[in-house]
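For reference, the structure discussed in these notes is given below.
Values in this document were obtained by computation on a predicted structure and should not be read as measured data. Computation of the quantities below employed the complete heavy-atom set of this structure, encompassing side-chain atoms and omitting hydrogens, waters and symmetry-equivalent molecules.
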Amino acid sequence: LLLFLFYLYLQFQLLHLLLEVLLKSLLNIFVLNILQQLIFLNLLFIISSIPVITFGAGISSCYEVIKMWDKDIEINIITFYFQKFKRIVKKVLVLNIIMLILGILFIIIFIFLWNQEIILAKIILFPFLSSFLIILMTMSYYYYYVIDKIEEKNLDIIKYSFFKSLINIKKSFLPRF
């Protein structure tokens, strides 16, 4: 009887080790699969954002793909991504060109101010330009988030994202404690 109990104990230990190894390997496979999908999605984003003005459509398309993954809906990444990309790129093209021009203008003003000897100009304009840039960044975040959900005019979506960014600027940049 003692030998039989010892045998059962060994079988139980062996089964426990086997399940532990199996769970670790399944977890590794699951993690590697998710990592592979994210890397592939990143490559799609980089390829579609080579022309800088399609950057926003790439962000929105990536967001939509990740939202489908979160809902556990099986999708073909390439076809779903490019379907969303084609639909969104027409909507965000004008804003992306404006954002690109504003970004270049901001860099030119920043370089011009940096080379100035007038400290008062740096003290007054740097906070203004920095706050403008922060508002622009949060506005673009809300714009690209909302663009596929609301069937409104571009100007109305820009207004909505501007006010939403002003209301939630603290939540957008400060960590929650």
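A donor-acceptor distance shorter than 3.5 angstrom exists from the side chain of Thr54 to the backbone of Pro51, with no hydrogens or angles considered. In this structure, the side chain of Ser48 engages the main chain of Phe45 through a donor-acceptor pair within 3.5 Å.
Interatomic distance, Leu43 CG to Ile39 CD1, rounded to the nearest 0.5 Å: 7.5 Å. Interatomic distance, Ile59 CD1 to Glu64 CD, rounded to the nearest 0.5 Å: 13.0 Å. The CG atom of Leu44 sits 9.5 Å away from atom OG of Ser61, with the distance rounded to the nearest 0.5 Å. For the atom pair CD (Gln83) and CD1 (Ile78), the distance works out to 12.0 Å, reported to the nearest 0.5 Å.
The two residues Gly58 and Ser49 have their closest heavy-atom pair at CA-OG, 4.5 Å. Across all non-hydrogen atoms, the minimal contact from Ser60 to Ile88 is CB-CD1, 3.5 Å. Between Phe80 and Met68, the shortest heavy-atom distance links the atoms CZ-CG, 3.5 Å.
More than 12 heavy atoms of other residues, nucleotides or ligands lie within 6.0 Å of NZ in Lys67, so this atom counts as buried by the packing criterion.
Taking the six-membered ring where the residue is Trp, Phe82 and Phe85 present perpendicular rings, their angle passing 60° and hence far from 30°.
Residue Tyr81 is grouped with residue Ile73 when hydrophobic side chains (ILVMFWY) are merged at heavy-atom distances under 4.5 angstrom, including chains of intermediate members. Cluster membership check: Ile66 does not share its hydrophobic cluster with Ile47, using side-chain heavy-atom separations under 4.5 Å among Ile, Leu, Val, Met, Phe, Trp and Tyr. By the rule that hydrophobic residues join a cluster once side-chain heavy atoms approach within less than 4.5 Å of another member, Ile108 and Ile111 end up as members of separate clusters.
Put simply, the side chain of Trp69 reaches to within 4.5 Å of the side chain of Ile77, judged on heavy atoms.
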